[in-house]
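Because the structure is a prediction, the values reported are computed rather than measured.
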Amino acid sequence: MRWLIAAVVLVAVLAGLLRWRRPAWYWLSFGVTFAICRVLGRYRAVMDACGLTVPPPRWRLAIARMANRPVPEPRAPRILRLRPTRTGLVLRLGLRPGQGAFDVAASCDRLRHSFGMFGVTSREIRSGVVELRMTGYDVLRRVQMPARAERSTMRVPVALREDGDVHYRDYRTTPHALTIGATKSGKSVYQRNLVAELAAQEVALVGIDCKQGVELFPLARRFSALADNPDTAADLLDALISHMEDVYQLIRAEQRITADTPDADIAADIWDLPDHLRPVPIVLLVDEVAELALFATKDEEKRRDRIITALARLAQLGRAAGIYLEICGQRFGSELGKGITMLRAQLSVRTAHRVNDETSANMAFGDIAPDAVLATVQIPVSAPGLAITGDASGGWSRIRTPHTSLRAAVDACNKHAHLTPDLPALDAFRPVLASPAVPVAIPAPVAPATP
């Protein structure tokens, strides 16, 4: 008997220690069993308390009266499937007549408390079927990406979602994106992780970093073109537009619109071309876009209009030519001048890290997902990398990027440097990898004043 008590105490202590220090291990060893028992044991009572039941049909009430039997209980949604995952549970429900997916979505917070889960989100699978994704612990506190994340052409994993699923950046579905965030919010780490994932793909990376290249130039071995000041950026964007026009001429020459060609073989973008003719896709990363839009003199204003016009043209026309934009900055609003809101309207994916004011959050989500604005301003300073992401469909979710050091990103770019394509139109902007060290004058520290 003593051995049994000692074993029980040891297991309880082990479970408590795992829950405190290793929540993922606790969930896989103990938590998933307890959660399934809670969900199945409390299911009917919880659904009734949350107002997710419907009265029994009239024919059942009539049979109960004629047979002098008790009145049938209200009916909860049917459990179609209950599947455990490495971060929680997936519960698929079949709705009863009269119920809607919005009713389940509105009750997610109450379901979270009732089932003792960390988070509950819902989505409609098809008419009459709703899926609840429950997380057993805070998956965004210590981000651990799955060992086997799916990767395909122009689709890479970049973060972990609050429901435990992987957040992907899919350029062929949503070509252009905007990422905003205050200083030390994790914006640079998000961009760094994106570059490290894209480095292994057959893609040309083009960067504009007006902070004298301190963010992107360490990754230069994998970049086909880089610009570190607004003047060079203006010329680089003009070269990209010229390249885009050449690609369109290639598509027109290979459209195959003769009468004997099936409709499915007609080319309208680079992905419809044969492999041996398809130009390499280009991802343009712009760091601190405000530096391209600010001006102090008339000449700088002309350069600014030239840059913003070129970016807007690439956002409107570049998708079919295989040119995709990743615009990053601390703010991105109308105060940056004319053409900014037109450019923002073309950026379907919006990702907002911690911001300093509500106006910045409205710049990202005010026109596509107003509910995400409040979630953005609530991101704490103590959680760098935590962000809100959404798209033009109005849906949004919390994500967090795994910490990727600059050394890890540089190693990834150096490892795949042989994949860097040579684009003749951008040869003038190819980064110089080996250059003699130039001495830089460093200001001497100011001595403290003696009393």
Does the separation of the ring centres of Tyr324 and Tyr171 fall below 6.0 angstrom?
-> yes
Check Ala352 against Thr376 and note the closest heavy-atom contact, atom names and distance.
-> CB-CG2, 3.8 Å
Side chains of Arg161 and Ser397: is there a donor and an acceptor less than 3.5 Å apart?
-> yes
Tell me, please, which residues at least two apart from Arg133 pass side-chain hydrogen bond (donor to acceptor under 3.5 Å, both in side chains).
-> none
Under 4.5 Å between any side-chain heavy atoms of Glu326 and Val286, yes or no?
-> no
Just jot down the side-chain contact (heavy atoms from CB on, under 4.5 Å) partners of Asp48, sequence neighbours excluded, or say none.
-> Thr53
Restricting to pairs with a member in residues 390-420, which pass ring-ring contact (aromatic ring centres under 6.0 Å, His included), not counting sequence neighbours?
-> none
Would you check if Thr420 and Arg221 make a side-chain contact, meaning some heavy-atom pair closer than 4.5 Å?
-> no
In chain order, what residues pass the ring pair (Phe, Tyr, Trp, His ring centres under 6.0 Å) check against Phe332, with sequence neighbours excluded?
-> none
State whether the side chain of Gln99 and the backbone N or O of Leu52 hold a donor-acceptor pair below 3.5 Å, judged by distance alone.
-> yes
With sequence neighbours left out, write down each residue that passes ring pair (Phe, Tyr, Trp, His ring centres under 6.0 Å) with Phe365, or none if nothing qualifies.
-> none
Pro384 side chain reached by Arg400 side chain, heavy atoms, under 4.5 Å = yes
Using a strict 4.0 Å threshold on nitrogen-to-oxygen distance, state whether Asp269 and Arg319 make a salt bridge.
-> yes
Taking the six-membered ring of Phe34 (Phe, Tyr or Trp), confirm whether the NZ or CZ of Arg38 is under 6.0 Å from its centre and within 45° of its axis.
-> no
Asp357 side chain to Ser360 side chain, donor-acceptor N/O pair below 3.5 angstrom | yes
Can you check whether Cys328 reaches Glu288 side chain to side chain, under 4.5 Å on heavy atoms?
-> no
If you draw the axis of the six-membered ring of Tyr168, does the NZ or CZ of Arg155 fall within 45° of it and under 6.0 Å from the ring centre?
-> yes
Rounded to the nearest 0.5 Å, what's the gap from CZ on Arg354 to NZ on Lys184? Could you check?
-> 10.0 Å
Using the side-chain contact (heavy atoms from CB on, under 4.5 Å) rule, take Thr87 and Phe118 through it: C-alpha gap first, then chi angles, then the decisive distance, then the call.
-> CA-CA 10 Å; Thr87 58; Phe118 183 83; over 6 Å; no
CH2 of Trp25: more than 12 outside heavy atoms within 6.0 angstrom?
-> no
Name every donor-acceptor pair, under 3.5 Å, that has one atom in a side chain of residues 75-84 and the other anywhere in the protein, sequence neighbours excluded.
none

Basic-acidic side-chain contact under 4.0 Å: Arg169, Glu197 = no
Compare all side-chain heavy atoms of Thr309 with those of Leu237 and state whether any distance is below 4.5 angstrom.
-> no
Taking the side chain as every heavy atom from C-beta outward, state whether Phe223 and Phe217 have any atom pair closer than 4.5 Å.
-> no
Can Asp228 and Lys211 be counted as an ion pair, charged N to O under 4.0 angstrom?
-> no
Which heavy atom of Pro157 sits nearest a heavy atom of Ala149, and at what distance?
-> CG-CB, 3.9 Å
Do Leu314 and Ile241 have side-chain heavy atoms sitting under 4.5 Å apart?
-> yes
Using the six-membered ring of Trp27, assess whether NZ or CZ of Arg86 lies under 6.0 Å from its centre and within 45 degrees of the ring axis.
-> no
Closest non-hydrogen atoms of Val120 and Met134, given as atom of the first, atom of the second and distance, are CG2-CG, 4.0 Å
